[in-house]
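Report on the following structure.
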Amino acid sequence: MDLTYTEEEEAFRQGLRAWLADVLPKLPAKPSPGDWPGRRAYDTAWQRTLYDAGYGEVHWDASPTRRLIFLEETEKAGAPYVGANFVGLLHAGPTIASEGTPEQRARWLPPVLRGDEVWCQGFSEPDAGSDLASLRTRAWRDGDDYVVSGSKIWTSHAEVADWCELLVRTTPVSEDVPKHRGITWLAMPMGAAGITVRPLRTLAGSAEFAEVFLDEVRVPVANRVGAENDGWRVTMVTLSFERGTAFVGEVVACRRLLGELAREARANGRWDDAVLRRRLGRLSAEFAALWRLTQWNVSEGRRTGGVPGTGGSVFKLRYSHARQALYDAAADVLGPGALDLDRAWTLERLSSLSYTIAAGTSQIQRNIVAERILGLPKGR
Amino acid sequence: MSRAVDFQLTDDQKALKRGIRDVLEGRFGRDALRAAVDAADAAAAAADVDAGAVADALETLRLDRELWRALGDAGFFSLCVPESAGGVGLGLPEAVLAFEEAGRVLLPGPAVATFLAAGEVEGAAAGEVVVTAVDGGLVPWLAEADVVRGNAAGAVAVRSVDPLTPLHRVPDGPLAPTAAVLLLAAEQLGSAARTCEAAVQYAQDRQQFGGPVGRFQAVQHLCADMLVRAETARAAVYAAAVTGDPLEALGAKLLADDAAVRNARDCLQAHGGMGFTWESDVHLHLKRAWVRAGLGRTAARAEEELAAAL
């Protein structure tokens, strides 16, 4: 056990801090949440700024510790989030880097790093959520193209994306072909004919997701990453990234939010309520532990070659519930203010309701822990 | 030259943990645990006959001095005593690993106080002298201790919920030092991990409706939550041992208390009716976890201290 950073890592941290202090005050104002073109422009401009300063590839850095330091310092400094670049930098990009041909890497990775191209994700379907492998969007070969028909859901940034990492069924399920064997991973250009995007309004009132309808969309066979029918394995490489270091910045954010909440409670008198005060004290211990668990996962990731394992499920379970508990405590601190949509806390509380669902529900995470870590029989 | 952040135990730490587990399981395996419970039981029954002579009953619950000396011989109490003073010269991270193992097997006795007195109280390191300490309003193993740290004047015997931890109450005492908080947390961690394993084992073995009950998601999710609690507490306890930060230790104790108590409860639930019996070990974990949660800072106090630092 060792919790110190190397001199090289500390130097990286200091350099990043100095750079952030210089560059953040010069950023333009943030666009409004409903302004999708504005959000895309803002997010990609930030990625370009990172790229020009040599931080463009930090999410793919061979050192998970440098990735952790980057996410910690940018969050502490209040830098923009990865935003529209999320799928490109943290899903499609790592998948292409790991499974793509040299030509595919050369075509798709540099534009992601420069902030020139935005990706979205076409995985979930109306009838394939937790049971993703049962997806039914069909693709069949026609010359040098696949022809794709079906529908996708929960697609973020679909309106402004250039590319979609798409999972399609290329071999129907049969007695000989289990459901996860007939899936193929395609890079679909969002400008292709036959694509209809319909925004999906969430309970928070905003359209953070979209449904994507595909009607005989032609995707070149050259856009396939990995072998035909091997898309499930290709995808698993991507998904385990999501459960690994993807939440580093969010844990840092929670610790900051908790501090703000304590200040608010001291100012409005709620601090005198010992029960509420103690809840905040316990949350402080909770997020401190989650930070250590993050560091642990990162150090495990380094030892096992960069792909975080099942430890991500343990973390995600604990984190998603802790963050919801934070917003519930916030509501008790704010009192009537918790009913005011003009308080940022209120919208964030509504958004937090997705945390125990997105990227694998808590129930699916528990299945993963029970079967893959504890070795219990396949559940029923 | 420092290395990168790494939670992996070093080879030496792994060997130490393994060695201590071997000593503890060899000297205080399940048979020894149940024999100790039976002895405590017999003592309590005899006291009942003597018309509520609680103090007498506690006098008769003896600490296994042979076990205590064996632990001393194995270097358990002198792990953190400097080599120049005849100890092993290790630090808190290693002590935490040792106490995690003690928590797994439900080692009876005031091990934390004796460990922290080693090097200061003659004979403690060797396991010859048993040391206890006043901790808030409680003193464990007061009658059996050779040395008491803190003022135990006015101590009143309690009929302890844990058959293997005699308790006295005192009006008010000093709060436990950070190292004691951390070692208690480590014991809670060991217990939480052990009850998780026991629940998983039972879920695999117990057959109902034509198969192991562990194939039902309702049981699986109970077990999964137990692992999450234990592993979150582990990250907190190990990190606090490395930093030695008092607040981080308080937070780690808070999470480890929660993990030990709730895992014991869930382990009991996973065992069904068997979990409710005296012959099952689950209640021993739960009762000890309750006792440890009452020592070294209660949740209320730890939460207040953590809140004050926000």
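Reminder, nothing fancy here: chain letters follow the sequence lines and each chain counts from 1.
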**Asked** So, for A274(A) and E304(B), which heavy atoms are closest and what is the spacing to 0.1 Å?
**Response** CB-OE2, 4.1 Å
**Fill in**
Highest number of heavy-atom pairs under 4.5 Å with chain A among A252(B), C196(B), C223(B) belongs to C223(B)
**Prompt:** Got a donor-acceptor contact below 3.5 angstrom from the Q220(B) side chain to the P377(A) backbone?
**Reply:** yes
**Prompt:** Side chain, backbone, both or neither: which part of A285(A) has a heavy atom under 4.5 Å from chain B?
**Reply:** both
**Message:** Is L255(B) close to chain A through its backbone or its side chain, or both, or neither, when contacts mean heavy atoms under 4.5 Å?
**Reply:** side chain
**Fill in**
Okay, E248(B) and chain A: the region with an atom under 4.5 Å from a heavy atom over there is side chain
**Request:** Please name the residue in the list L227(B), V228(B), L222(B), D225(B) that meets the side chain to side chain contact (heavy atoms under 4.5 Å, CB included) test with R366(A).
**Result:** D225(B)
**Message:** For A241(B), which atoms come within 4.5 Å of any heavy atom of chain A: side chain, backbone, both, or neither?
**Reply:** neither
**Contact origin within L317(A) toward chain B - heavy atom pairs under 4.5 Å** = side chain
**Asked** With only heavy atoms counted, which part of A300(B) is less than 4.5 Å from chain A, the side chain, the backbone, both or neither?
**Response** both
**Prompt:** Which pair of non-hydrogen atoms, one from L374(A) and one from A224(B), has the smallest distance, and what is that distance?
**Reply:** CD1-N, 3.9 Å
**Complete:** Correct closest heavy-atom pair for F7(B) and Q295(A) would be CE1-CB, 3.6 Å
**Message:** Atom CD of residue position Q14(A) - does it have more than 12 heavy atoms of other residues, nucleotides or ligands inside 6.0 Å?
**Reply:** yes
**Message:** Donor-acceptor pair, distance only, cut-off 3.5 Å: does the side chain of Q204(B) make one with the backbone of G375(A)?
**Reply:** yes
**Item:** Nearest heavy atoms of L376(A) and G214(B), plus distance in Å
**Value:** CB-O, 3.9 Å
**Message:** With a 4.5 angstrom heavy-atom cut-off, is it the side chain or the backbone of W291(A) that approaches chain B, or both, or neither?
**Reply:** neither
**Asked** What distance separates Q365(A) CD from H221(B) NE2, expressed to the nearest 0.5 Å?
**Response** 10.0 Å
**Request:** Please look at Q363(A) and chain B and tell me whether the side chain, the backbone, both or neither of the residue comes under 4.5 angstrom of a heavy atom of that chain.
**Result:** both
**Proximity breakdown for R266(A) and chain B, heavy-atom pairs closer than 4.5 Å** = side chain
